[in-house]
Asker: 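Quick one: this structure, given as structure tokens, is what I'll be asking you about.
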Amino acid sequence: MAIFVYSGMDRSKSSVRGTVQADSPRHARDQLRELGVIVQSVAEHELSHHRFDWQFFRSRNARNQWGLGAHELSMLLTAGIPLLDALDTLAKQHRGAFRTAIQRVRDRVEAGSSLAEAMSEQGDVFDPASVRLVEVGENAGTLEKVLSEVAEFKLQLAAFKDKIFTAMMYPVFLACFGLAACVFLMTWVLPPLLESLQETLPQLPWPTRVAKAFSDLLVQYGWWIAAFGLLAIVVCGWWFNSNSGQLAWHRWVLRMPIVGELVRKQAIARVAMIIASLTRGGLLLTTAVQLAAKSTSNSVMREALFRAESDMSAGEDIAISLERSGVFPPLAVRFFSVGQESGRLEEMLQKLSQDYNSQVSTAAARITALVEPIMILILAVAVGFLLLATILPILEAGNVS
């Protein structure tokens with residue numbers, strides 16, 4: 001079946017637009033007439049894969065909206081509203097790519113597919129863990145409860161990401177502003193000023209000579225430096241997107257002092273939260289570990305989890321496999337071991353996730369509090385050096401005259 005975009009009027013003579021899934025345009029018109037829509041136009045909806053149309057950013061925004069959407073869908077189903085009506089309401093509540101995805105899901109459900117099957121066809125919006133949880137909820141008749149757990153899980157991840165983003169925003173702004181200010185001073189302020197001062201002074205002060213050397217480099221080879229920097233970014237981006245590049249970079253990040261431990265705990269908190277949510281929803285531990293591995297961005301930890309899933313399928317305890325990987329710290333391994341032995345794995349992993357999230361938030365706040373004055377100090381030294389390099393020759397020129 002294909003997706004068709006339509007426009008027309010409903011029974012109240014109001015304009016309506018949307019999408020419908022059908023075998024042909026005629027089939028789409030027949031479906032819309034049955035729904036009471038006076039069709040004005042129907043056209044097949046095609047996504048171009050050969051041009052950059054911001055699809056990646058729209059899909060990313062839609063994925064971020066899924067946590068709130070799952071919460072709203074859970075509330076609608078809990079209130080006794082049928083699934084199709086709940087999906088219609090959810091589509092009207094949102095805009096953009098997420099609305100389109102919900103409409104497609106609604107059309108597939110109306111055509112006879114399960115909600116999980118319809119969501120799996122929109123893989124750029126709904127992650128595999130959410131799809132499997134919804135499948136479990138549909139089979140067990142607890143879809144509302146499962147959607148509430150999905151919403152809680154997704155919203156916790158979103159809140160954690162927001163904290164990290166907010167903590168790093170100010171230092172990044174300072175770095176960009178300081179670099180832009182230094183480049184401006186060395187390319188627009190210093191060259192014309194030093195050109196006139198060189199005629200007056202026999203020799204420029206050493207801070208001025210150092211600043212002039214950098215200034216001449218930027219003025220003469222600025223475009224080449226910018227081109228080389230852009231090329232380096234492209235090459236690094238290509239390398240980071242390769243499997244070997246990602247693995248080497250993620251392994252190096254985990255070995256970094258302070259930052260490596262922060263990244264490790266953040267990834268483990270996410271993994272623990274995913275496994276706890278999936279096992280609480282009724283999935284087998286091996287399946288939960290596999291889905292957690294697919295949802296992990298760190299390649300080193302992803303490999304460790306896939307290896308743990310394989311070892312568990314062979315009859316080995318997950319704690320032994322995780323300890324052998326060397327990626328998970330002893331505390332996390334102990335939580336997995338005790339949770340599996342006591343039958344309280346979901347509870348133990350939930351505590352581990354909350355504890356690590358709290359540690360990462362505290363550490364990120366401390367690092368940010370330390371980075372901010374350091375960045376301000378570096379910015380002040382750089383700008384102060386440029387001002388000194390500018391003022392010294394002016395003062396010496398005044399003494400000469």
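FYI, the numbering just counts along the sequence from 1.
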Asker: Between H94 and F98, what is the ring plane arrangement, given parallel below 30°, perpendicular above 60°, and tilted in between?
Answerer: perpendicular
Asker: May I ask you to check whether over 12 heavy atoms, not counting those of W188, lie within 6.0 Å of atom CH2?
Answerer: no
Asker: So, the side chain of E323 versus the backbone of I320: is there a donor-acceptor pair under 3.5 Å, distance only?
Answerer: no
Asker: Within the 4.5 Å heavy-atom criterion, are L285 and Q340 side-chain neighbours or not?
Answerer: yes
Asker: Under 4.5 Å between any side-chain heavy atoms of M256 and V263, yes or no?
Answerer: no
Asker: For the atom pair CG (L322) and CD (E316), what is the distance rounded to the nearest 0.5 Å?
Answerer: 9.5 Å
Asker: Provide the closest heavy-atom pair for T208 versus A389 in the form atom of the first, atom of the second, distance.
Answerer: OG1-O, 2.7 Å
Asker: Is the shortest heavy-atom distance from the side chain of W239 to the side chain of S242 under 4.5 Å?
Answerer: yes
Asker: Mark yes or no for whether S113, through its side chain, and V109, through its backbone, hold a donor-acceptor pair below 3.5 Å.
Answerer: no
Asker: For the pair N298 (side chain) and V300 (backbone), establish whether a donor and an acceptor sit closer than 3.5 Å, ignoring hydrogens and angles.
Answerer: yes
Asker: Any Lys/Arg nitrogen of R324 or D311 sitting under 4.0 Å from an Asp/Glu carboxylate oxygen of the other?
Answerer: yes
Asker: Looking only at atom types and distance, does a side-chain atom of T89 sit under 3.5 Å from a main-chain N or O of D85, one as donor and one as acceptor?
Answerer: yes
Asker: Drop me the distance from S114's OG to M119's CE, to the nearest 0.5 angstrom.
Answerer: 10.0 Å
Asker: Under a 3.5 Å distance rule, please check whether R106 uses its side chain to pair with a backbone N or O of D88 as donor and acceptor.
Answerer: no
Asker: Restricting to non-hydrogen atoms, name the atom on M301 and the atom on A267 that form the minimum distance, rounded to 0.1 Å.
Answerer: SD-CB, 3.5 Å
Asker: Quick one: closest heavy-atom pair of L262 and A363, and the distance?
Answerer: CD1-CB, 3.4 Å
Asker: So, the side chain of S148 versus the backbone of E144: is there a donor-acceptor pair under 3.5 Å, distance only?
Answerer: no
Asker: How far apart are the C-alpha atoms of F126 and V134, what are their side-chain angles, what is the distance that settles it, and do they pass the side chain to side chain contact (heavy atoms under 4.5 Å, CB included) test?
Answerer: CA-CA 11 Å; F126 306 104; V134 169; over 6 Å; no
Asker: Specify the closest pair of heavy atoms between C182 and L386, including all atoms of both residues, with the distance to one decimal.
Answerer: CA-CD1, 3.9 Å
Asker: Under a 4.5 Å cut-off applied to non-hydrogen side-chain atoms, are V271 and I274 in contact?
Answerer: no
Asker: How long is the span from the CD1 atom in I275 to the CD1 atom in I318, to the nearest 0.5 Å?
Answerer: 5.0 Å
Asker: Do E121 and R108 meet the salt-bridge criterion of a basic N to acidic O distance under 4.0 Å?
Answerer: yes
Asker: Looking at A101 and V125, what are the two nearest heavy atoms and their distance?
Answerer: CB-CG2, 4.0 Å
Asker: Do the ring planes of F240 and W249 sit parallel (below 30°), tilted (30 to 60°) or perpendicular (above 60°)?
Answerer: tilted
Asker: For the CG atom on L331, are there more than 12 heavy atoms of other groups (residues, nucleotides or ligands in this structure) within a distance under 6.0 Å?
Answerer: yes
Asker: Under 3.5 Å, side chain of T142 to main-chain N/O of E138, donor-acceptor pair present?
Answerer: no
Asker: Measuring from atom CZ of F306 to atom CD of Q290, what distance do you get when rounded to the nearest 0.5 angstrom?
Answerer: 6.0 Å
Asker: Could you tell me which non-hydrogen atom of V146 sits nearest to which non-hydrogen atom of G137, and how far apart they are?
Answerer: CG2-CA, 3.6 Å
Asker: Quick check against the 3.5 Å criterion: does R255 have a side-chain atom that pairs as donor or acceptor with the backbone of G260?
Answerer: no
Asker: Sub-3.5 Å donor-acceptor pair from the side chain of S337 to the main-chain atoms of V333, do we have one?
Answerer: no
Asker: Looking at D107 and R104, is there a salt bridge between them, counting it only when a charged N and a carboxylate O are closer than 4.0 Å?
Answerer: no
Asker: For a 4.5 angstrom cut-off between non-hydrogen side-chain atoms, does Q266 reach Y356?
Answerer: no
Asker: Could you check whether atom CZ of R366 has more than 12 heavy atoms from other residues, nucleotides or ligands sitting under 6.0 Å from it?
Answerer: no
Asker: After noting the C-alpha distance and the side-chain angles of N357 and M273, does the key distance pass the side chain to side chain contact (heavy atoms under 4.5 Å, CB included) rule?
Answerer: CA-CA 10 Å; N357 273 335; M273 188 187 304; 3.5 Å; yes
Asker: Answer yes or no: is there a side-chain heavy-atom contact under 4.5 Å between R264 and F328?
Answerer: no
Asker: Does the side chain of S130 come within less than 4.5 Å of W66's, by heavy atoms?
Answerer: yes
Asker: Say you draw a straight line from CG of L76 to CG of L87; how long is it, rounded to the nearest 0.5 Å?
Answerer: 9.0 Å
Asker: Apply side chain to side chain contact (heavy atoms under 4.5 Å, CB included) to V37 and R33, showing your working.
Answerer: CA-CA 5 Å; V37 177; R33 290 193 187 98; over 6 Å; no
Asker: Using only heavy-atom distances, determine whether the side chains of D355 and Q359 contain a donor-acceptor pair under 3.5 Å.
Answerer: yes
Asker: What I'd like to find out is whether the side chain of F336 reaches to under 4.5 Å of the side chain of D317, using heavy atoms alone.
Answerer: no
Asker: Show me the donor-acceptor pairs within less than 3.5 Å that the side chains of residues 214-227 make with the rest of the protein, sequence neighbours left out.
Answerer:
from, atom 1, to, atom 2, distance (Å)
S215, OG, M186, O, 2.4
D216, OD2, K212, NZ, 2.8

Asker: Between F335 and L345, is a side chain to side chain contact (heavy atoms under 4.5 Å, CB included) present by the stated rule, with each step listed?
Answerer: CA-CA 8 Å; F335 265 78; L345 184 61; over 6 Å; no
Asker: Could you grab the distance from atom CG of L90 to atom CD of Q65, nearest 0.5 Å is fine?
Answerer: 9.5 Å
Asker: So does K92 get a backbone contact from the side chain of R95, meaning a donor-acceptor N/O pair under 3.5 Å?
Answerer: yes
